[in-house]
Amino acid sequence: MDGNGRWAAARGRPRSYGHKAGVEAVRRTVKAAADLGVEYLTLFAFSSENWSRPREEVRDLFGLMKFFVTRDLAELCANGVRIRVLGDRSGLSSDILGLIETAETKSRQNTALQLNIAFNYGARNELRRAFAAVAKRCAEEGRDPSQIGEDEIAAALDTAGQPDPDLVIRTSGEMRLSNFMLWQAAYAEFVFLPCMWPDFDKEWLQRAISEFSSRTRRYGGIDAAKDVAL
Ligand code: IPE
Ligand code: MG
């Protein structure tokens, strides 16, 4: 979710105004994704690198995360949304940790849409935590580290048990991954949209999905249907 600040600046308003509007885009997008039959949706809300922003902006972003979870949890649950928060929890305060745990526990039985909120998330940090966990288990069980499998690493990531993303959408025209799902997005399709996040809606999501549908995914192989004998 990128472009909140630029969206606000274009309107002569402070960045916080853009972040607030961004929360409304989150609500629209979760609903739109469920309507369109998306089964897994991950929103990158706060990266481990966002701590470098001014203190007031970090405070605003944390405030909005709390606001969203508090205000929307009951409705999300009523709509069958299951919540998981991805990211490093070790640096988070107890009030936000409590909210995260409540959201995950209360929505645990839901099955309509899996909503991941990446918060205090960075893929390198996630990989480091996963490797540390796998290495620890390996040492405890006296196993040969060269036998560690890709599945074992995947199962130690914050996305454990979930499929890899098919589609990664980045708004605001930036064309970077910015430390998002470096492991999981190995074969994802990427769609970069010129829309600022606060303007994102069902139409933009549909546009991204239709672009995704037009791609041919080969996973390193060849396209058998189009492979003509030479
Ligand atoms: C939202 O957009 C992304 C968050 C970290 C919440 P930005 O805050 O990055 O907006 P721009 O890139 O400055 O426009
Ligand atoms: Mg940005």
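Starting from 1, each residue takes its place in the sequence as its number. Predicted, not measured: the structure shown is a model, and the values here were computed from it. Order of listing sets the numbers, starting from 1, for every ligand and every atom in it.
Residue-to-ligand polar distances place Gly5 within reach of ligand 1: an N/O pair is separated by less than 3.5 Å. Residue contacts with ligand 1: Asp2 is placed with a nitrogen or oxygen under 3.5 Å of a nitrogen or oxygen of the ligand (distance criterion only). Some N or O of Gly3 is nearer than 3.5 Å to an N or O of ligand 1, by distance alone.
A perpendicular orientation is assigned to the rings of Phe180 and Tyr121, their planes being inclined by more than 60° (bins at 30° and 60°).
Residue Arg15 touches ligand 1 through its side chain alone, judged by heavy-atom distances below 4.0 Å.
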Could you please spell out the steps behind the salt bridge (Lys or Arg N to Asp or Glu O under 4.0 Å) verdict for Asp60 and Arg15?
CA-CA 10 Å; Asp60 280 346; Arg15 296 179 59 81; over 6 Å; no

Would Trp7 and Asp199 count as a side-chain hydrogen bond (donor to acceptor under 3.5 Å, both in side chains) here? Give the steps.
CA-CA 8 Å; Trp7 183 90; Asp199 290 328; 3.0 Å; yes

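When the heavy atoms of Met196, Arg6, Arg53 are ranked by distance to atom 8 (O) of ligand 1, first place goes to Arg53.
A salt bridge is defined here as a Lys NZ or Arg NE, NH1 or NH2 lying under 4.0 Å from an Asp or Glu carboxylate O, and Arg137 with Glu140 fails to meet this definition. Between Glu24 and Arg28 there is no salt bridge, since no side-chain N of the basic residue sits under 4.0 Å from a carboxylate O of the acidic one.
The only option from Leu86, Leu92, Asn50, Leu43 that meets the side-chain contact (heavy atoms from CB on, under 4.5 Å) definition with Phe119 turns out to be Leu92. For the ring pair (Phe, Tyr, Trp, His ring centres under 6.0 Å) with Phe62, the lone residue among Phe68, Phe67, Trp51 that qualifies is Trp51. When each of Arg55, Arg53, Arg59 is paired with Glu57, the salt bridge (Lys or Arg N to Asp or Glu O under 4.0 Å) condition holds for Arg53 and for no other.
Nearest heavy atom pair, residue Met65 against residue Val85, reads CE-CG2, 4.3 Å.
Counting only protein N, O or S atoms, 1 lie closer than 2.8 Å to the Mg ion (ligand 2).
Atom 6 (C) of ligand 1 has its closest protein heavy atom at Ala45 O, 3.5 Å. When hydrogens are left out, the protein atom nearest atom 3 (C) of ligand 1 is Met1 O, 3.0 Å; that is the closest non-hydrogen contact.
Atom CG of Asp151 sits in a sparse spot, with 12 or fewer heavy atoms from other residues, nucleotides or ligands closer than 6.0 Å.
Counting atoms of ligand 1 from 1 in the listed order, those under 4.0 Å from a heavy atom of His19 are 8 (O). Atoms of ligand 1 found under 4.0 Å from any heavy atom of Leu61, numbered from 1 in the order shown, are 6 (C). Under a 4.0 Å criterion applied to the non-hydrogen atoms of Asn50, ligand 1 contributes the atoms 5 (C).
Ser90 and Arg129 form no side-chain donor-acceptor contact under 3.5 Å, judged by distance and modelled atom types alone.
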